[in-house]
Trainee: 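Take a look at this one; I'll ask things after.
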Amino acid sequence: MAFSDLSHLWHRQTNKWIYLIMYGRRASQLLRELACSETGQLTTFNSDAFDQVIKECNEHNLQLQSLIRKIEDENLDIQTTRNEDHFGAVIHHLSLIRNKHCLMAYMYNRAETIQSLRWKVGPVLPQEIQEKLNYSEEEYFKNHSAAIESYMSELDLDLTVDMVPPKDPYIRVRVLDDIGEVCLGDHSISLTKHSLHFLRRTDAEPFISQGIMEEFLE
Amino acid sequence: MASGSGSGSGSGSERWSEGLETEAAMAMETTDVELLKRAWRNEKAAPEILQFEAALVLRAREQIQLLEETLEEFTENGVDDLVVSLYQMDLDRTLFLLRSYLRIRLQKIEKYMIHISKTNLWNRLSEQEQRFAKRCTDIMEKHLEQSVLSRLPYGYQSILKQSISSEEDDMVPEPQLDTFVFCKTKSAVGAFQLDDTGDEIVDLVADDLYVLRYKSIKGLVEGGRIDLV
């Protein structure tokens, strides 16, 4: 039953139109936020809208329960009765489910983006991304990262490097920020700002993806 | 195969057999790299997760280790730079394929974790992948429960069902099996039925490129008779 169908229903028995306040408007706001953001980018967690939708759900539930009780109080069979109270209960139930869909979609989609951040950015998120997550999402990122790291250490293989097919085993890089002494393989290198180096691609990749080093193409 | 430089303090036959071993490893490795490339391509193109190629992965890792050891020896013995970089390229290429293969699988598990855990797709995962999948689902469930479900009214708190009145699990994301994929067979398969009603039959000829719905050729891919490109 599409939500747009619920804006008004013709109730056969009482020959009345049942008009509804547009439920689900706040929930649509959450979805629109998702739709408008660029793929792989997160918007700041909209806790206002989110809490409002939760509140709506609980209100729907109260209404739903009281209508069910009304039917039972009138000694009617809850399974087969089709009066206005029944339809009212159905509308509240469907609105609740619609809101649940939106909330779950919002959280789940954001969670998928958060997963991709571990691959694209690394184990530590920059401040401007951290700010956009709510508390549970921050925990989720940490736990999910840990799961990935656990798998990689079981295999003894770093899967976050080598993201593009190799062309040259060694590349020229320019250091963008002061990184300091770094141990690569069996020797250490001093990565100072503006210095140029000739490194193994897999060694350079984590720095490049963090944006503190760039490939130097002539 | 073995470079001529080096002190030559070992007997000639030692270096000769070493070279032979590496040559044999390189020859075997070529076939294995082809297999790895094929497994990688299939996994990349298929919408659902395929059977984990345990033996192949094991062999690939052994080859990689051998190549790494050979490279170390070469560097110690001052082998010609060109030879070293050829071996290095080979190593990088194999490592990339392996990493990408495992990564694609992991990302499919991330995307469809609940679906995989509840169907026989679970059996296509390696042991480590199964542990990862279990951990992922636990973390995801905890996150969704904490932030959404525990705050919803009783009867609407299930992660799998819309409400307790749902007859089946109606909230689990699934891979889209009727996506179109490009495919090619090495040997002719002949007349092949694409759908249940027998209306669409296609003659699959060797080395011809086809664009078909994954669902129709799922069985052929699993049996290794057709490759995705």
Side-chain angles (χ1 to χ4, degrees), chain A residues 45 50-51 53-55 57-62 64-65 93 96-101 103-104 106-108 110-112 114-116 118-119 134-137 139-144 146-148 150-152 154-170 200-202, chain B residues 57 61 64 84-107 109-111 113 126-129 131-140 142-159 162-163 165-166 170-171 173:
Chain A
F45 185 79
F50 198 85
D51 289 343
V53 178
I54 298 267
K55 195 155 159 263
C57 286
N58 287 308
E59 280 166 6
H60 280 301
N61 189 49
L62 287 174
L64 168 62
Q65 298 301 335
H93 168 73
L96 223 176
I97 288 192
R98 162 74 179 183
N99 278 351
K100 179 179 176 180
H101 276 180
L103 290 171
M104 294 290 274
Y106 187 69
M107 280 327 265
Y108 192 78
R110 285 176 65 94
E112 286 189 317
I114 291 170
Q115 287 168 1
S116 73
R118 177 58 181 86
W119 297 103
N134 82 351
Y135 174 72
S136 191
E137 290 178 329
E139 273 209 4
Y140 178 71
F141 176 76
K142 282 199 205 100
N143 292 335
H144 190 79
I148 293 178
S150 170
Y151 175 80
M152 295 195 299
E154 270 189 76
L155 294 189
D156 194 20
L157 199 57
D158 185 353
L159 297 184
T160 61
V161 292
D162 237 350
M163 301 296 267
V164 288
K167 274 189 264 188
D168 289 310
Y170 287 85
R200 288 186 71 167
R201 206 178 27 84
T202 42
Chain B
V57 166
R61 301 200 71 169
I64 286 169
V84 168
S85 66
L86 284 178
Y87 274 72
Q88 182 70 55
M89 275 296 297
D90 208 25
L91 173 62
D92 282 354
R93 179 187 63 164
T94 315
L95 256 177
F96 171 77
L97 282 178
L98 181 62
R99 283 202 249 243
S100 193
Y101 174 71
L102 294 172
R103 193 166 42 225
I104 291 169
R105 289 180 63 89
L106 228 56
Q107 289 170 340
I109 295 173
E110 279 180 333
K111 204 166 160 67
M113 53 175 93
S126 72
E127 250 186 59
Q128 296 94 339
E129 286 174 340
R131 277 195 283 276
F132 174 74
K134 175 86 179 46
R135 235 175 123 161
C136 272
T137 29
D138 287 345
I139 295 168
M140 177 65 89
K142 177 164 172 250
H143 172 54
L144 290 175
E145 262 159 37
Q146 194 169 297
S147 43
V148 187
L149 298 170
S150 59
R151 303 175 67 190
L152 291 177
Y154 176 78
Y156 296 88
Q157 291 176 334
S158 164
I159 197 176
Q162 292 183 78
S163 72
S165 52
S166 304
D170 37 15
M171 286 188 54

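Just so it is clear: chains get the letters A, B, ... in the order the sequence lines come, proteins before strands, and each one is counted from 1.
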Trainee: Is it true that a side-chain atom of B:Arg135 and a backbone atom of A:Asn143 form a donor plus acceptor pair closer than 3.5 Å?
Mentor: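 No; judged by distance alone, with no hydrogens or angles, the pair does not exist.
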Trainee: Between A:Asp51 and B:Arg151, is any pair of side-chain heavy atoms under 4.5 Å apart?
Mentor: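 Yes, side chains in contact.
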Trainee: Quick one: which of A:Asn61, A:Val53, A:Leu103 gives a side-chain contact (heavy atoms from CB on, under 4.5 Å) with B:Leu152?
Mentor: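 Exactly one option meets the side-chain contact (heavy atoms from CB on, under 4.5 Å) with B:Leu152, and it is A:Leu103.
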Trainee: Can you confirm if the aromatic rings of B:Tyr156 and A:His93 lie within a centre distance of less than 6.0 Å?
Mentor: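 Yes - the distance between ring centres of A:His93 and B:Tyr156 falls below the 6.0 Å cut-off.
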Trainee: Which atoms of B:Leu95 are under 4.5 Å from chain A, going by heavy atoms: the side chain, the backbone, both sets, or neither?
Mentor: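 When you check distances to chain A, atoms from both the backbone and side chain of B:Leu95 fall under 4.5 Å.
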Trainee: Please report the shortest heavy-atom distance between A:Tyr108 and B:Pro173, naming the atom on each side.
Mentor: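 Smallest interatomic distance, heavy atoms only, reads OH-CG, 3.6 Å.
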Trainee: For the interface with chain B, which of A:Lys100, A:His60, A:Met107, A:Glu139 has the highest count of heavy-atom pairs at distances below 4.5 Å?
Mentor: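 It is A:Lys100.
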Trainee: At a 4.5 Å cut-off on heavy atoms, which part of B:Ser100 comes close to chain A: side chain, backbone, both, or neither?
Mentor: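 Contact with chain A is absent: no heavy atom of B:Ser100 under 4.5 Å.
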Trainee: Pick one of side chain, backbone, both or neither for A:Ala111, based on which atoms fall under 4.5 Å of a heavy atom in chain B.
Mentor: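 For A:Ala111, side-chain heavy atoms alone lie under 4.5 Å from chain B.
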Trainee: Between A:Ile97, A:Leu62, A:Asn99, A:Thr160, which has the largest tally of heavy atom pairs under 4.5 Å with chain B?
Mentor: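 Highest number of pairs under 4.5 Å: A:Ile97.
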Trainee: Measure distances from A:Met163 to the heavy atoms of chain B and classify the residue's part below 4.5 Å as side chain, backbone, both or neither.
Mentor: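 Its backbone and side chain both get close to chain B.
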Trainee: If you count heavy-atom pairs under 4.5 Å between each of A:Glu112, A:Met152, A:Glu137, A:Met104 and chain B, which one has the most?
Mentor: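 Top count of heavy-atom pairs under 4.5 Å with chain B: A:Met104.
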Trainee: CG/A:Leu159 to CZ/B:Arg105 distance, rounded to the nearest 0.5 angstrom?
Mentor: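 Spacing of CG (A:Leu159) from CZ (B:Arg105) equals 12.0 Å.
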Trainee: Go through the atoms of A:Phe50 and report whether side chain, backbone, both or neither lie under 4.5 Å from a heavy atom of chain B.
Mentor: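 Side chain only.
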Trainee: With a 4.5 Å heavy-atom cut-off, do A:Tyr140 and B:Lys142 have their side chains touching?
Mentor: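 The answer is no; the side chains never approach within 4.5 Å.
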Trainee: Checking heavy atoms, do the side chain of B:Lys111, its backbone, both or neither come under 4.5 Å from chain A?
Mentor: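 Contact with chain A involves both backbone and side-chain atoms of B:Lys111.
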Trainee: So which of B:Gln128, B:Glu129, B:Gln88, B:Glu110 has the largest heavy-atom pair count under 4.5 angstrom toward chain A?
Mentor: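 Option with the top pair count is B:Glu110.
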Trainee: When you check the gap from the basic side-chain N to the acidic O, do B:Arg99 and A:Asp158 get nearer than 4.0 Å?
Mentor: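 Judged by the 4.0 Å cut-off on N to carboxylate O distance, B:Arg99 and A:Asp158 do not form a salt bridge.
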Trainee: Which value, rounded to the nearest 0.5 Å, describes the distance between A:Ile54 atom CD1 and B:Ser147 atom OG?
Mentor: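 Rounded to the nearest 0.5 Å, the CD1-OG separation comes out at 8.5 Å.
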Trainee: What part of A:Ile148 is in contact with chain B, defined as an atom under 4.5 angstrom from a non-hydrogen atom: side chain, backbone, both or neither?
Mentor: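 Backbone plus side chain of A:Ile148, per the 4.5 Å heavy-atom cut-off to chain B.
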Trainee: Would you say A:Trp119 and B:Gln107 make side-chain contact, with heavy atoms under 4.5 Å?
Mentor: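 The answer is yes, as the side chains (C-beta and beyond) meet within the 4.5 Å cut-off.
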Trainee: If you round to the nearest 0.5 Å, how far is CD of A:Gln115 from CE of B:Met113?
Mentor: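 If I round to the nearest 0.5 Å, the distance is 4.5 Å.
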Trainee: Between B:Leu102 and chain A, which part of the residue has a heavy atom less than 4.5 Å away: side chain, backbone, both or neither?
Mentor: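 B:Leu102 touches chain A through backbone and side-chain heavy atoms alike.
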Trainee: Return the CG to CG distance between B:Leu98 and A:Leu155, rounded to the nearest 0.5 Å.
Mentor: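 B:Leu98 atom CG to A:Leu155 atom CG measures 8.5 Å (nearest 0.5 Å).
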Trainee: Measuring only between side-chain heavy atoms, which start at C-beta, is A:Tyr151 closer than 4.5 Å to B:Arg131?
Mentor: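 No - every pair of side-chain heavy atoms lies 4.5 Å or more apart.
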